[in-house]
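For the single chain, residues carry numbers from 1 onward in sequence order.
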Amino acid sequence: MSGGLLIAGTTSDAGKSVVTAGICRWLVRQGVKVAPFKAQNMSLNSFVTREGAEIGRAQAMQAQAARVEPTALMNPVLLKPGSDRSSQVVLMGRPVGEMSARGFFGTSGPAGEPLPGAGAPGERLRGGRQEALLGTVLDCLAQLRGTYDAVICEGAGSPAEINLRRTDIVNMGVARNAGLPVLVVGDIDRGGVFASFFGTVALLSPEDQALVAGFLVNKFRGDVGLLEPGLDMLHGLTGRRTYGVLPFQHGLGIDEEDGLRVSLRGAVRESTVSSPVGADILRVAVCAVPLMSNFTDVDALAAEPGVVVRFVDRAEELADADLVIVPGTRGTVKALAWLRERGLADAIARRAAEGRPVLGICGGYQLLGQHIEDEVESRAGRVDGLGLLPVRVRFAREKTLTRPVGEALGEQVEGYEIHHGVAEVTGGEAFISDDRGHGLDGCRVGSVWGTHWHGSLESDGFRRAFLREVAASAGRRFVPAADTSFAALREEQLDRLGDLIEEHADTDALWRLIESGAPQGLPFIPPGAPA
């Protein structure tokens with residue numbers, strides 16, 4: 001087998017990420033050497049590869065589904081929003097600067113700032129910077145296709161975003177240049193899926209339409225027999241078949257991309273809370289700070305029997321919490337202001353004074369400190385923190401991207417770091433140390449902890465030890481389960497995705513599509529792309 005496929009969607013959040021992961025898991029179970037790929041990702045939920053490159057967590061999850069090590073080749077362009085109009089551009093796993101949406105997509109404007117890594121060194125690019133990255137994207141895809149039997153690509157948003165088609169490097173721009181067949185996923189749970197399927201094809205140029213092989217219905221509830229007449233009519237209208245109808249299932253939204261809003265659809269957060277091992281449950285409140293990043297850090301907590309995790313944005317919601325978590329954020333100074341405006345800062349300070357547990361992760365750790373000097377992210381200069389930890393933070397222009405290993409609370413802990421802030425710890429005790437007891441990261445004062453390490457709670461022994469400390473400080477008779485394996489739970493979820501594809505998609509037809517490309521002679525659906 002040698003081939004590829006691009007999974008597009010009628011909308012954002014149609015299910016492209018999980019379908020891509022499901023196809024990867026199905027293929028690898030058939031003995032196919034497969035890799036995921038997403039040319040350009042907009043997400044605050046990111047991951048660090050072993051070579052120290054930052055990519056979207058969705059692509060890291062898809063690599064796990066494919067049972068391969070994630071690399072920067074799988075997500076060459078990552079956009080990390082800092083506001084509604086600007087993002088940090090991460091190219092081949094390294095940040096290359098901030099850019100406005102207008103400047104990146106090139107809707108207008110004269111020559112702009114140099115974008116390192118695009119074209120000749122220091123070259124000033126006219127029009128869209130995105131367009132200039134197409135060569136890098138196609139080179140990465142070609143390298144993957146030269147290494148793997150199949151590459152399953154994920155699109156972004158909708159391929160019918162006609163205002164962006166000229167500079168598209170993630171949907172039909174990739175499909176056209178690489179000759180990939182396209183499968184369009186639609187979320188029927190939202191309604192209007194037939195109109196969305198038809199309209200998506202009808203707004204593409206004849207050349208783009210020729211690559212759209214058909215459709216995949218996602219999140220269907222009920223009797224498929226009631227849907228079949230509509231699928232037959234859709235085939236008659238477009239000349240394109242439907243490759244499967246995936247049923248609605250809870251708990252499949254793992255490692256989602258959208259960090260601009262709180263999502264409660266993550267796999268473990270949506271699972272039924274198991275009965276506690278001890279007499280009490282533990283309630284965890286996660287502050288839903290602006291530009292929240294890596295909100296999946298709390299998934300491992302919610303996987304524990306008897307742990308209830310919820311996101312909050314009001315001070316009164318902290319009252320019954322046994323643990324408050326201030327998560328990572330792309331806007332540390334902005335998050336500080338938000339906490340103060342909503343009274344959450346005062347509520348967290350009162351908790352700390354009473355000896356009640358608080359955990360800050362990455363940006364959340366930074367704002368628990370004494371002050372922040374930021375001339376990089378917010379450019380706000382010196383800003384007072386919450387003063388709960390003896391830590392001073394200075395933002396460096398170089399971003400820290402590492403995959404460290406250490407010890408905490410007598411257990412091994414692994415994580416990954418993604419931050420500009422450099423912490424100077426002036427007191428307390430180190431939270432995470434090396435095997436000689438020398439401090440590696442973080443700080444602890446009483447029941448207030450802080451760490452830069454994302455993903456640390458996925459280390460089972462450390463998570464259990466931490467929860468025992470939290471329970472003791474909170475006065476709860478909570479006992480962590482002795483056998484919860486977060487890695488095993490994640491594998492079970494990925495197998496469920498593979499099962500969805502295997503049981504509810506036409507896998508023989510998918511196999512032919514991946515191996516041989518889009519069927520010949522697909523009809524053109526007017527009006528096509530506007531001139």
List the atom pairs, with distances to 0.1 Å, where a side-chain N or O of residues 402-411 and a protein N or O form a donor-acceptor pair under 3.5 Å, not counting sequence neighbours.
from	atom 1	to	atom 2	distance (Å)
T402	OG1	E417	OE2	3.2
R403	NH1	V48	O	2.8

How long is the span from the CD1 atom in I7 to the OG1 atom in T20, to the nearest 0.5 Å?
-> 5.0 Å
Among pairs that include at least one residue of residues 318-330, which meet side chain to side chain donor-acceptor pair (under 3.5 Å), considering only residues two or more places apart or in two chains?
-> E98-R330, R310-D320, D322-R476
Over all heavy atoms of both residues, which pair between G427 and C443 is shortest? Give the atoms and the distance, please.
-> O-SG, 3.7 Å
Under the ring pair (Phe, Tyr, Trp, His ring centres under 6.0 Å) rule, collect the residues that match up with F37, sequence neighbours excluded.
-> none
Salt-bridge criterion met for R490 and E458 (N-O under 4.0 Å) = no
Donor-acceptor pair, R283 side chain versus V309 backbone, under 3.5 Å?
-> no
Pairs where residues 433-451 contributes a residue and the test salt bridge (Lys or Arg N to Asp or Glu O under 4.0 Å) is met, not counting sequence neighbours = R444-E469
So do the side chains of V77 and V137 get within less than 4.5 Å of each other, counting heavy atoms only?
-> yes
CD of Q62 to CG of N75, rounded to nearest 0.5 Å, is 9.0 Å
Between NZ on residue K80 and CG on residue N41, distance to nearest 0.5 Å = 11.0 Å
Electrostatic pair D374-R379, nearest N-O below 4.0 angstrom = no
After noting the C-alpha distance and the side-chain angles of L489 and T484, does the key distance pass the side chain to side chain contact (heavy atoms under 4.5 Å, CB included) rule?
-> CA-CA 8 Å; L489 290 172; T484 302; 4.2 Å; yes
How about V393 and V422: do any of their side-chain heavy atoms sit closer than 4.5 Å?
-> no
Chi angles and distances behind the salt bridge (charged side-chain N to carboxylate O under 4.0 Å, His left out) call for R342, E316 = CA-CA 10 Å; R342 290 178 169 263; E316 54 268 31; over 6 Å; no
Does P36 reach the side chain of E154, with side-chain heavy atoms less than 4.5 Å apart?
-> no
By ring pair (Phe, Tyr, Trp, His ring centres under 6.0 Å), which residues pair with F478, not counting sequence neighbours?
-> none
Would you call V286 and V312 a side-chain contact if the rule is heavy atoms closer than 4.5 Å?
-> no
Give the minimum heavy-atom separation between V333 and A380, together with the two atoms involved.
-> CG1-CB, 4.1 Å
Taking all heavy atoms of R463 and all of A300, pick out the closest pair and write down the distance.
-> CD-O, 3.4 Å
One should read off an interatomic distance between E414 CD and Q412 CD, to the nearest 0.5 angstrom, of 5.5 Å
So, do P276 and P305 sit near enough that their side-chain heavy atoms are less than 4.5 Å apart?
-> no
Salt bridge (charged side-chain N to carboxylate O under 4.0 Å, His left out) between D13 and R190, worked out = CA-CA 10 Å; D13 201 35; R190 294 181 174 188; 3.5 Å; yes
Atom pair OG (S43) and CG (N294), whose distance is rounded to the nearest 0.5 Å | 8.0 Å
Test side chain to side chain contact (heavy atoms under 4.5 Å, CB included) applied to L282 and V308, step by step | CA-CA 6 Å; L282 275 186; V308 180; over 6 Å; no
Taking all non-hydrogen atoms of both residues into account, name the closest pair between Q59 and M74 and its distance.
-> CG-O, 3.7 Å
When you measure from the side chain of S87 to the backbone N and O of V89, does any donor-acceptor pair fall under 3.5 Å?
-> no
In plain terms, say whether E69 and R50 are close enough for a salt bridge, that is, a side-chain N and a carboxylate O under 4.0 Å apart.
-> yes
Judged by atom type as modelled, is there a donor-acceptor pair below 3.5 Å linking the side chain of S158 to the main-chain atoms of T11?
-> no
Could you walk me through whether V19 and K16 pass the side chain to side chain contact (heavy atoms under 4.5 Å, CB included) test, one step at a time?
-> CA-CA 5 Å; V19 167; K16 297 183 291 293; 5.9 Å; no
Taking atom types as modelled and ignoring hydrogens, do the side chains of H420 and Q88 form a donor-acceptor contact shorter than 3.5 angstrom?
-> yes
Hey, is the main chain of G355 close enough, under 3.5 Å, to the side chain of S447 for a donor-acceptor pair?
-> yes
Do the side-chain N and O atoms of R382 and H371 include a donor-acceptor pair separated by under 3.5 angstrom?
-> yes
Trace of the side chain to side chain contact (heavy atoms under 4.5 Å, CB included) decision for L467 with V307 = CA-CA 9 Å; L467 288 175; V307 176; 4.3 Å; yes
Parallel, tilted or perpendicular, as decided by the 30° and 60° cut-offs, for the rings of F431 and F462 | tilted
Answer yes or no: is there a donor N or O on one side and an acceptor on the other, between the side chain of R356 and the main chain of A321, under 3.5 Å?
-> yes
How would you list, by chain and number, every residue that makes a salt bridge (charged side-chain N to carboxylate O under 4.0 Å, His left out) with K334, sequence neighbours excluded?
-> none
Of all heavy-atom pairs between A345 and L386, which one has the smallest distance, and what is that distance?
-> CB-CD2, 3.7 Å
Carboxylate-amine/guanidinium proximity below 4.0 Å for E424 and R394 | no
Shortest non-hydrogen pair, A21 vs L497, comes out as CB-CD1, 3.8 Å
Test item: N171 side-chain N/O and A156 main-chain N/O as donor-acceptor pair under 3.5 Å = yes
Could you tell me whether a side-chain N or O of R314 sits under 3.5 Å from a main-chain N or O of G343, the two making a donor and an acceptor?
-> no
Using the salt bridge (charged side-chain N to carboxylate O under 4.0 Å, His left out) rule, take R496 and D499 through it: C-alpha gap first, then chi angles, then the decisive distance, then the call.
-> CA-CA 5 Å; R496 288 176 64 200; D499 293 344; over 6 Å; no
Interatomic distance, L367 atom CG to L336 atom CG [nearest 0.5 angstrom] | 4.5 Å
Tell me, with the steps shown, if H452 and Q366 meet side chain to side chain donor-acceptor pair (under 3.5 Å).
-> CA-CA 8 Å; H452 272 129; Q366 295 168 6; 3.0 Å; yes
Kindly indicate, with the supporting measurements, whether the criterion ring pair (Phe, Tyr, Trp, His ring centres under 6.0 Å) is fulfilled by W449 and Y365.
-> CA-CA 8 Å; W449 296 268; Y365 165 42; over 10 Å; no
Where the side chain of R477 meets the backbone of A279, is there a donor-acceptor pair that is under 3.5 Å apart?
-> no
